[in-house]
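As structure tokens, the structure follows; a few thoughts come after it.
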Amino acid sequence: MESIPATARLRLDKDALVQNWQTLDRLSGTASAGAAVKANAYGLGARNVTRFLIEAGCHDFYVANWREAAEISELMVDNACLSVLNGIRDEDMAFALNMSAKPVLNSIEQVRRWAPTGRPCDIMINSGMNRLGINRDDLEQADLGTLAIDQVMSHMASADEDVSQNADQLAQFRSALESINGQRVSLANSAAIALGSDYHFDCTRPGLSIYGGKPRPELESLIQQVATPQAQILQVRELQPGDKLGYNAQYTAQRIHRIAILAMGYADGYLRAFSNNGQFSHQGNALPVLGRVSMDLIAVDLSADDSLREGGWLDCSYDLLQASRDTGLSQYELLTNLGQRFDENWI
Ligand SMILES: *Cc1c(COP(=O)(O)O)cnc(C)c1O
């Protein structure tokens, strides 16, 4: 099956990926940047991304759970280390003890579970997001003395906005740090790296911006696009004035013009929000999406390019910031929604 060429491809730019990480590492100042590679590296392929970033000098990697850890743990060479953000359950213990990855302990329960192993771990502090993490006031009773703590972490809820919650969380975290000792301290995701040196501590944990996301204006001119979906033309046809197109006839031709039917759809993560809204291109010519996106098919206007025929390939406009503004989907969703039917093509 692998040998049958796919009808849609994901063009992935290795140089852009590595340069984005290097940019985030530089912006992190004296802190070193790690990499969040959870959710299959936001859909772009955790094994390839991890390999490329280890080559580039990245040391700290973050996944969500132990299945994701198992996918890439063998790649952790040259002192690279792997943290499991969602912590450790009873049913993870047997696997965890056979792997070099560290759990991020999120609750007192998890501290009790891990302490007897004597192995390294990270600790998550709740500084006001109220998702995962131990409350500052519970640290005393947590009995952390016996743990081998590498990173003491917290996570920012709103670093992509200029709101007082950012400084509030920083203050909460600093106060918690008075009652806990680890090797290193880590707070910032991609957006918080752009908030400045107060937020950097020893290591930062960017994800989104490594993959081309721009959560804050400061990053817009510095971060490059990594992923570009490409779809093949399955059929070219000419519409007459009054002709209706696609499910529920969400486009009606006003003039004679050519369209292409492309092999991509919402099953590939190109969601209905792009109906009459998305754009493809060919050699710089803009080819707008017409009508409703189907499960496996999309129609685009070929008025701007007479040369296109069946079998041709079009680039999807997928600048994450622009696509997010156009559709209301988050930049995170635009990446992690990308489906399983693409041939991944690192260049
Ligand atoms: C996902 C995640 C990150 C990375 O966040 P981005 O916004 O993608 O940079 C960092 N830390 C934690 C705890 C996360 O869950």
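Just so you know, ligand 1 is whichever comes first in the structure, and atom 1 is the first atom listed for that ligand.
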Item checked: Cluster link L27 to L321, ILVMFWY, side chain under 4.5 Å -> no
Item checked: Element-labelled atoms of ligand 1 that are located less than 4.0 Å from some non-hydrogen atom of P206 -> 9 (O)
Notebook entry, point to check: Below 3.5 angstrom, do we get any N/O pair linking G207 and ligand 1?
Noted result: yes
Check: Could you state the interatomic distance from OG (S154) to CG (L170), rounded to the nearest 0.5 Å?
Finding: 10.0 Å
Margin query: Can you tell me which residue among E238, R237, Q235 is in a side-chain contact (heavy atoms from CB on, under 4.5 Å) with I259?
Written below: R237
Checklist line | Contact partition for S190 relative to ligand 1, non-hydrogen atoms under 4.0 Å | finding: both
Next item on the list: State whether the shortest distance between N or O atoms of L208 and N or O atoms of ligand 1 falls below 3.5 angstrom.
Entry: yes
Checklist line | atom 5 (O) of ligand 1 [closest protein heavy-atom partner, distance rounded to 0.1 Å] | finding: N189 CB, 3.4 Å
Notebook entry, point to check: Any N or O of Y332 that comes nearer than 3.5 Å to an N or O of ligand 1?
Noted result: yes
Check: Which atom names give the shortest non-hydrogen contact between Q331 and K214, and what distance separates them?
Finding: OE1-N, 2.7 Å
Check: Given the side-chain rings of W21 and F52, with only the six-membered ring counted for Trp, is the space between their centroids under 6.0 Å?
Finding: no
Next item on the list: Evaluate side-chain contact (heavy atoms from CB on, under 4.5 Å) for N48 paired with K14, printing each intermediate quantity in order.
Entry: CA-CA 9 Å; N48 283 322; K14 177 185 168 184; over 6 Å; no
Note to self: Parallel, tilted or perpendicular: which one describes the rings of Y42 and Y332, with boundaries at 30° and 60°?
What the structure shows: tilted
Notebook entry, point to check: For Y62, is the nearest heavy atom under 4.0 Å from an atom of ligand 1?
Noted result: no
Margin query: Nearest non-hydrogen contact with atom 10 (C) of ligand 1 belongs to which option: R205, M153, M156, M129?
Written below: R205
Notebook entry, point to check: What protein heavy atom is closest to atom 8 (O) of ligand 1, reported as residue, atom name and distance in Å?
Noted result: Y42 OH, 2.5 Å
Next item on the list: Find all atoms of ligand 1 within a distance of less than 4.0 Å from any non-hydrogen atom belonging to R131, and give their numbers and elements.
Entry: 15 (O)
Notebook entry, point to check: Is it true that D60 and R205 have a side-chain N and a carboxylate O under 4.0 angstrom from each other?
Noted result: no
Margin query: Contact between ligand 1 and A191 is defined here as a heavy atom of the residue under 4.0 Å from a ligand atom; is it met?
Written below: no
Check: Which residue and non-hydrogen atom of the protein lie closest to atom 2 (C) of ligand 1, and at what distance in Å?
Finding: K38 NZ, 2.4 Å
